[in-house]
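We name chains A, B, ... by the order of the sequence lines, and we start the count at 1 in each one.
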Amino acid sequence: MSSDSDEKASRDHANLHARSIVVWDVPSAIERGATFSVKVGIKCSAECVPDTWVFGIRDHEGRVRASRRVGPEPWPGTAALFYAEAELEAPASEGLFAWEAFAPAIDGDGDDVGHGDACAKFSVRVVPAPECRLTVVAIDKESRSPVAGAKVVVHPYRAITDERGVAELRVPKGPFRLFVSGRDYFPFRHDADAVEDVTVTAELEADLGPSDAELWS
Amino acid sequence: MADQERHETKADPAREKGLSRRDFVRSGAAGLGAAALLVGGPAAAQNGPTNAAGIEWDYEVDVVVAGAGCAGLTAAIRARDLGASVLVVEQNFDVGGRMLHSGSFISLGGGDPVQLRDMKGESDPEGFITMPPVEGPEELDDDVELLFKDITDWSIVDRKGATPYRYNEPEMVRAWAENCPATREFLMQNYIRFARINGTHAGGGMSRARGCVCFLMLGDETDIKAGTITAEDAGLADPERTSAFAPVQMNIASRFVGPGAVSNGVALARPLEFSAREKGVQFMLNRHFDELIREQPFAGRVLGIKAHYSPRFDPETGQRLESYWQNGNIDERREVVYIRARKAVILASGGHAGNPQLRSMFYPAFREPLFPTSGFALLGPHSQDGSALIAGLKIGANLAGMQQNPSGLTYHISTRLGTRDAYTGMMPGHPTFPFRGSSGLDVGNAGFEEFIAVNQVGKRFFNEVRLPLRAGGGQYPGGGIAPNRGVEHKPGDWRNCRHEWLQTTYSYDHGLEAALAINEGSEPPHYYSGPLWAIFDQAAVERAGWELRFPFVADNGYFFKADTIEELARKIEAGNEFQRVPLKYLAETVATWNRYVDEGADPEFEREADAPMHRIDTPPFYALSIMAVWHDSYGGLRCNGKQQVIDLQGQVIPGLYAGGEAVGGFNKHGLGKGHVHGFIAGTHAAQEPVA
């Protein structure tokens, strides 16, 4: 059975505006011990404008790695997602680490911000130093012309082709799966072993959709 | 259907079918109650046939045609050519049916005049065609016997495991094959210009090239006789605007015609309509065909039809929508009229793809009313409602081809997202655009890499990049489904379907079936699967270059944007009329997906084998509707070789003909079926004795 004070605390908690945290721009691959940054945004369900909202970032061992106050302007394209960028240092060992961003119900001065706690998990992928250069040349299979803006992914490494259709990734030695996919192109897949610097030409097949004969009556 | 949908959405009934409240009230539905809406609908089938005795006919003509689409319009012109007075009753406010929003690809053959023209390397009579033939003479060397053999070929099994030809009604398709050359000629005599033959579409046979699109030439004025159309009328003057003349912007047809040519259903439907009006065919638009009147409930001649007023109103202005051309229209506004047919009634009012109750006899999951048939904005709430089938059943007609219905091309997941009307890309400028609200965003197959697809509770249900892929149909030049391709194809060869071969050709992912499956939000008695949503972030928008703005998307309940995933889920639930339950798993699903991306593997659906995976974490966040579209109807009324409707005793129902998607037993996609049916039906209906 709860006490009157517990009930009041519970009621007060329910009256707090709920908040959500969003974490983005986390690099997909970070070298050991490297410095990187992420963006963290906080949104109140009632779209309150923050006064003293802060967030922290806690690593996989529960250690707080950074603490920041969100800025006064919402992230572009959003109505009320207030954000700040936090600079962080990657762990010294390789692996995929579960970190979290949290927004406490009290501000840095210990005052109640009138909003509930919020938390969001994100992953930090720490990789070894690269050993090979993988150069990808994306071309249209039919026209042989370069495909700019194609997505090049060798998990967890990512790049975008330039206007020459070229992208460069630095990857560790060993087996890899390369995907190259462009706007209006089906994904090109290539499985290989990285033993030295290598260039792969990705012939992209256009996604033309069904022909008239297939689609239309 | 309307009543069913009203009960099964959570929303204001005035929103059904994209109608505004004003539209709803003006339609008379609000004042008259559900029964008025259901005339001709499923409930009508439960009533007995109307007694012919005592009917006071409001109109009397030789031939009554129900439906102004490809079969109906062709039948009407043909019957008129043979001297009959003809009245076409059409539920929509304009003429053309699905033909108007189609690609105009008509697959005929049997040595038709366009095949012969292309074999000789000739141009068209007006000299518009400047491109050489696409197909070689050997690919066009066709005859009726080969065509008939092709379209009754027992041995063809397509990539989906369907058998498109073996169940076709032989008498009907024999007559169809025999009339293909004459129908092509007939269409050419009615202002239709055909481009070069280019392959064949599904159901048109495997041995020869038989299909082509229709075209007009861009010019200073729209002149059907001269074969020209302005860029404005063609919808080509502004990339984001079409016209009242062309609901869907026309395509450049330079490859199959030459410079300045444009094609799609506009180059077919409008010339045919022009010809029909010129020849004196009369139209009663805004009038839905409801019932057949027969001398006795299950015996005697069909005497005429009963039809009710079905106008459509602009959601903004409240004005009644009017047809593009008016000459030949009968402006009849009484609620119900009876029209006597002295010679015959021709049913060409379409199939049943827009009737969730009816189509659910083939696939119960498609009872979900969220998913409309193609072109519902253009054609209105009564389109493809099975009216011919229902009316036929009430007077004792038999059915055919019902097992052919869920075949290769019947339904699919559309790559056009963010609109309920996902089959075509209609732009603003056509009076029915407000019924869809947005043109949608066609992301292509490749675009499915950029998002996760979730069901009504916010859970993923399939490998997204495999969702929209289609298996392809059984068509020339073989599509990889027979060992011998193109002109080498051997109809009826057992090797076409030996199991060792089929194991190499099967290529269908059942993504649509997963999309329609029962999920945690499905509730008895119907267990609706609910809406499907593409969930993505700002980073995807930038990668893909999608333009998330009007007219591609709009605040119409099929596109949402939010600062967070939690907010996105709330907005979808509040804003979509068919979102009956909360997307309670959406935030968890996105978090799980992001973890899969970080780990480089999707243990649920193995996306990592097919395409790169991308986090969904950069605000703002978006949702676009994903639609399953049921397009074709292959089951319908049974007909003989004259397109006369046959009863359950195998006897002709005197005075009743049918064509197009109202008819079953011919698993052929598209216009070619309807036009020839119409030609045959019009020919014989006009020759009936006066009753």
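- Heavy atoms closer than 4.5 Å to chain B are found in the side chain of A/L96, but not in its backbone.
- Contact record, A/P187 with B/E449: CG-OE1, 3.8 Å, taken as the closest heavy-atom pair.
- Taking both residues in full, the closest heavy atoms of B/P620 and A/G77 are given as CG-O, 3.5 Å, listed atom of the first, atom of the second, then distance.
- Interface remark: of the candidates B/M613, B/R595, B/M99, B/M613 forms the most heavy-atom pairs closer than 4.5 Å to chain A.
- Taken to the nearest 0.5 Å, the CD atom of B/E567 stands 10.5 Å off from the SG atom of A/C44.
- To the nearest 0.5 Å, atom CD of residue B/E599 and atom NE2 of residue A/H155 are 8.0 Å apart.
- The distance from the CZ atom of B/R615 to the CZ atom of A/F122 is 9.0 Å, given to the nearest 0.5 Å.
- Counting heavy-atom pairs closer than 4.5 Å to chain A, the top-ranked of the candidates B/G545, B/G674, B/A609 is B/A609.
- There is no contact between B/D442 and chain A, counting heavy-atom distances below 4.5 Å.
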From CA spacing to verdict: side chain to side chain contact (heavy atoms under 4.5 Å, CB included), B/R570, A/S45 | CA-CA 10 Å; B/R570 288 193 295 272; A/S45 58; 4.3 Å; yes
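- Proximity to chain B involves both the backbone and the side chain of A/V26, based on heavy atoms less than 4.5 angstrom apart.
- When all heavy atoms are compared, the tightest approach of A/T78 to B/P619 is CG2-CB, 4.0 Å.
- When each of A/Y185, A/W75, A/F188, A/W24 is checked for heavy-atom pairs under 4.5 Å with chain B, A/W24 comes out on top.
- Residue B/V597 touches chain A through both its backbone and its side chain, counting heavy-atom pairs closer than 4.5 Å.
- In this structure, the portion of B/E450 lying under 4.5 Å from any heavy atom of chain A is its side chain and not its backbone.
- Rounding to the nearest 0.5 Å places CD1 of A/I21 at 11.5 Å from OG1 of B/T564.
- Although no hydrogens or angles enter the test, the distance criterion places a donor-acceptor pair under 3.5 Å between the side chain of A/D207 and the main chain of B/N445.
- Only the backbone of B/A544 comes within contact range of chain A, with heavy atoms under 4.5 Å apart.
- Separation of atoms CG (B/D563) and CG (A/L81) is listed at 5.5 Å; rounding is to 0.5 Å.
- Looking at B/I616, there are no atoms closer than 4.5 Å to chain A (heavy atoms on both sides), in backbone or side chain.
- With a 4.5 angstrom heavy-atom cutoff, B/K668 does not touch chain A via any of its atoms.
- Shown here is A/E94, whose CD atom has more than 12 heavy atoms of other residues, nucleotides or ligands within 6.0 Å.
- Within the 4.5 angstrom heavy-atom criterion, atoms from both the backbone and the side chain of A/A80 approach chain B.
- Only the backbone of A/P76 comes within contact range of chain B, with at least one heavy atom under 4.5 Å from a heavy atom of that chain.
- More than 12 non-hydrogen atoms from other residues, nucleotides or ligands lie less than 6.0 angstrom from NZ of B/K571.
- With a 4.5 Å cut-off on non-hydrogen atoms, B/A539 does not touch chain A at all.
- Proximity to chain A involves both the backbone and the side chain of B/D598, based on heavy atoms less than 4.5 angstrom apart.
- The candidate with the highest count of non-hydrogen atom pairs below 4.5 Å against chain A, out of B/Q538, B/K673, B/K561, is B/K561.
- To the nearest 0.5 Å, atoms CG (B/D610) and CZ (A/F186) are separated by 11.5 Å.
- Heavy-atom neighbours of chain B within the stretch residues 131-151 of chain A, taken at a separation under 4.5 angstrom, comprise A/K151.
- Within a 6.0 Å sphere centred on CG of A/D162, other residues, nucleotides and ligands contribute more than 12 heavy atoms.
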